Amino acid sequence: MMMMMMMMVMMMRRRMMRRRRRRRRRRRRRRRIMIKIKNKKMKKKSNALPFLISKHVCVAVLLNQTVSFHARLDTEKHDLPAGSTLILPTVVNNHGNAYDGSTGKFSAPYTATYCFLATTEDPKRDRYSVLSLVVDGTEVDYVLTDVALFSQSASVHAVVHLTAGQKVWLNVPETNNYNYFGPRATAFSGFLVDHSQ
Ligand SMILES: [Ca+2]
């Protein structure tokens, strides 16, 4: 009988030990799962922070890199030799300071896409107006207008991707000295479209 009792106690102890072990294992599993969840949350936070910072910086940089200009003729110009630059000295707007009113040339401050427009006027019977829009001397647009009786305007325009430092200006392409560029109606404008490389 005594032996039987001893055996029963032993059995009970073993069961108790097994239950304790199981409880410990469950606790360990729960801890591991909790640690994993915490790590995932931390990772998400650490990934989100640089994204927010870089987005903010990008917007700030783009706002500071806005470029635009507008220049015009207040007094007439004529009889310009072929290959000369049509300089528009009256600068109305020069945001970013990329247009030089003394040389008539725009220098791209950033590698980006830009839009340029220019209008000229032929107001005389015995004159004509002619323009070419050039990037570093290479023509990207051309116009010639020659009215017989009344004033007539014409324009050049282009959207071009420029590397920082490239220059854009209005060139007088013809050799005939009878060219004429009317005051008030002759203007040159440009602006940055986007910064994509
Ligand atoms: Ca004419």
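Note that ligands are numbered from 1 as they come in the structure, with each ligand's atoms numbered from 1 the same way. Everything numeric here is computed off the predicted structure, so don't read it as measured data.
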Taking 3.0 Å as the cut-off, does [X] contribute an N, O or S atom near the Ca ion (ligand 1), distance below it?
X: Pro123; result: no
X: Asp126; result: no
X: Arg127; result: yes

With carbon and hydrogen excluded and only N/O/S kept, which atom of Asp122 is nearest the Ca ion (ligand 1)?
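Going by distance to the Ca ion (ligand 1), the closest N, O or S atom in Asp122 is OD2.
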
State the atom name: nearest N, O or S atom of Asp146 to the Ca ion (ligand 1).
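Atom name returned: OD1.
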
Looking at [Y], is its backbone amide N or carbonyl O close enough to the side chain of [X] to form a donor-acceptor pair, meaning the two atoms are under 3.5 Å apart?
X: Lys77; Y: Ile87; answer: yes
X: Ser129; Y: Tyr180; answer: yes
X: Asp122; Y: Lys124; answer: yes

If I compare all heavy atoms of Ala158 with all of Val140, which pair ends up nearest, and what's the gap?
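For Ala158 versus Val140, the nearest heavy atoms are CB-CG2, 3.9 Å.
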
Quick one: angle Lys124 O - the Ca ion (ligand 1) - Val147 O, to the nearest 10°?
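It comes to 90°.
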
Less than 6.0 Å separating the ring centroids of Phe106 and Phe188?
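No, ring centres 6.0 Å or more apart.
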
